Protein chains: 2
Amino acid sequence: MTVQKGQPSTAPRDGRDDGLALESFLPFRLVRAAEQVSRRFAALYRDRHGLTRPEWRTLANLGQHGRMTATAIGARAAMHKTKVSRAVASLERRKWIERTTDGRDRRIEHIELTPEGRRNYLDLAELARGFEARLTAELGPAGAAALDRGLTAVEAIDQL
Amino acid sequence: MTVQKGQPSTAPRDGRDDGLALESFLPFRLVRAAEQVSRRFAALYRDRHGLTRPEWRTLANLGQHGRMTATAIGARAAMHKTKVSRAVASLERRKWIERTTDGRDRRIEHIELTPEGRRNYLDLAELARGFEARLTAELGPAGAAALDRGLTAVEAIDQL
DNA sequence: CGGCATTTGTTGCATATGCAACCATCCCCG
DNA sequence: CGGGGATGGTTGCATATGCAACAAATGCCG
């Protein structure tokens, strides 16, 4: 059987130049790698404290930077403002954070860890450092260095 | 003010060895890079054909490999079987694919592109190649090569 | 032969998410 | 002053997702 002009068959085209090899397609590989790593790390803080990813990221930012507004958290954590809003509400219910309305501009809320929140942040930070160390070890020195440079290149892109 | 032993302050700890610098934390960077790239590519096929990501991945696999089962699609596309099931149902409603129950094992369904499905696959494959070319150009030769090696290292991990 | 475990795929359910609309507040200027 | 527009944050709604339970079919093995 021969493929006719203008009547493409539905047979596989692996390797043909009009198709696509998904397993080497960069966006696919990037997402799959991110999901693989992220799921494993997320399982750690989920099992330990029942945190979601937006909550973990919010906590991590507050632990690192101290008092912040919700907008600032969203910018640093690359999260949609609704995610931040819900994560902050949840962490407040846990009493891991406190809000204070700004005195001059009452739209703004300053968010801050409570002592309990900080304790849990430090605990999770240690968990994170350990995870990253194991990950880096698995990647090997060359692999880890390459990934770092590759991600730096992606981070430098602001438009496609 | 001094931090007391056993009474940690809630002040920022940027750079201290008991905290975490999120902006250099590998899982975070990986997820953020993946989301940035993936969102832009997803916008292309969403605007062009109204496809979701599971639908795109299913189509890409069928286009590349020809007739497949749902399980095989899930394995290659790294998707949960419910995602595959729903994507297949949706593509079937569009008449881009057809199912055939296997003669010997009637649990198995063979899934295959229709001619219309193949046309759209080829169209999207071209879109994908163009996107990847632009992405690679933005990364630069060194960045793209580093990313490739880094992702290869991640792909080699099977356990943490 | 017959029952139990396995495999393939679907669906109910609860949660997570993004968008858009919204409220409250503030700022800019005419 | 005062109204239009911008900003900070929350919420309703529709969709997307994963998990667990499920049905159907098969195969293993006593």
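Everything numeric here is computed off the predicted structure, so don't read it as measured data. Numbered from 1 within each chain, the chains take letters A, B, ... in sequence-line order.
Judged by distance alone, with hydrogens and angles left aside, Arg107(A) brings a side-chain donor or acceptor within reach of the base of dT25(C), the pair sitting under 3.5 Å. Side-chain to base pairing of Arg86(A) with dG18(C): one donor and one acceptor N or O lie within less than 3.5 Å of each other.
When the side-chain nitrogen and oxygen atoms of His80(A) are compared with OP1 and OP2 of dT17(C), none of them lie within a distance under 4.0 Å. Taking only side-chain nitrogens and oxygens, Arg99(B) comes nearer than 4.0 Å to OP1 or OP2 of dT10(C). The phosphate of dG18(D) (OP1 or OP2) has a side-chain N or O of Lys83(B) nearer than 4.0 angstrom. At dT17(C), none of the side-chain N or O atoms of Thr82(A) fall inside 4.0 Å of OP1 or OP2 (strictly under the cut-off). An OP1 or OP2 oxygen of dA16(D) is reached within less than 4.0 angstrom by no side-chain nitrogen or oxygen of Thr52(B).
Shown here are the salt bridge (charged side-chain N to carboxylate O under 4.0 Å, His left out) partners of Glu109(B), two or more places apart in sequence or in another chain: Arg99(B).
The shortest distance between side-chain heavy atoms of Thr58(A) and Ile111(A) does not fall below 4.5 Å.
Relative to the side chain of Asp105(A), the nucleotides dT26(D), dA21(D), dC26(C) differ in distance, and dC26(C) lies closest. Residue Glu109(A) places its side chain closer to dT10(D) than to any other of dT17(D), dG9(C), dT10(D).
Whole-Å rounding puts the Trp56(A) CH2 to dA16(C) P distance at 18 Å. The distance from atom CZ of Arg93(B) to atom C1' of dT10(C) is 13 Å, rounded to the nearest whole Å.
Nucleic acid contact class of Arg53(A) (heavy atoms, under 4.0 Å, all strands): none.
Between Phe41(B) and Phe28(A), the ring center distance fails the sub-6.0 Å criterion.
Closest-nucleotide positions on DNA chain C for Lys81(A) and Gly103(A) were compared, and the one nearer the 5' end corresponds to Lys81(A). Nearest-nucleotide positions on DNA chain D place Thr71(A) closer to the 5' end than the other of Thr71(A) and Arg39(A).
Stacking of Arg53(B) on the aromatic ring of Trp56(B) is not recorded, the 6.0 Å distance cut-off and the 45° axial limit not both being met.
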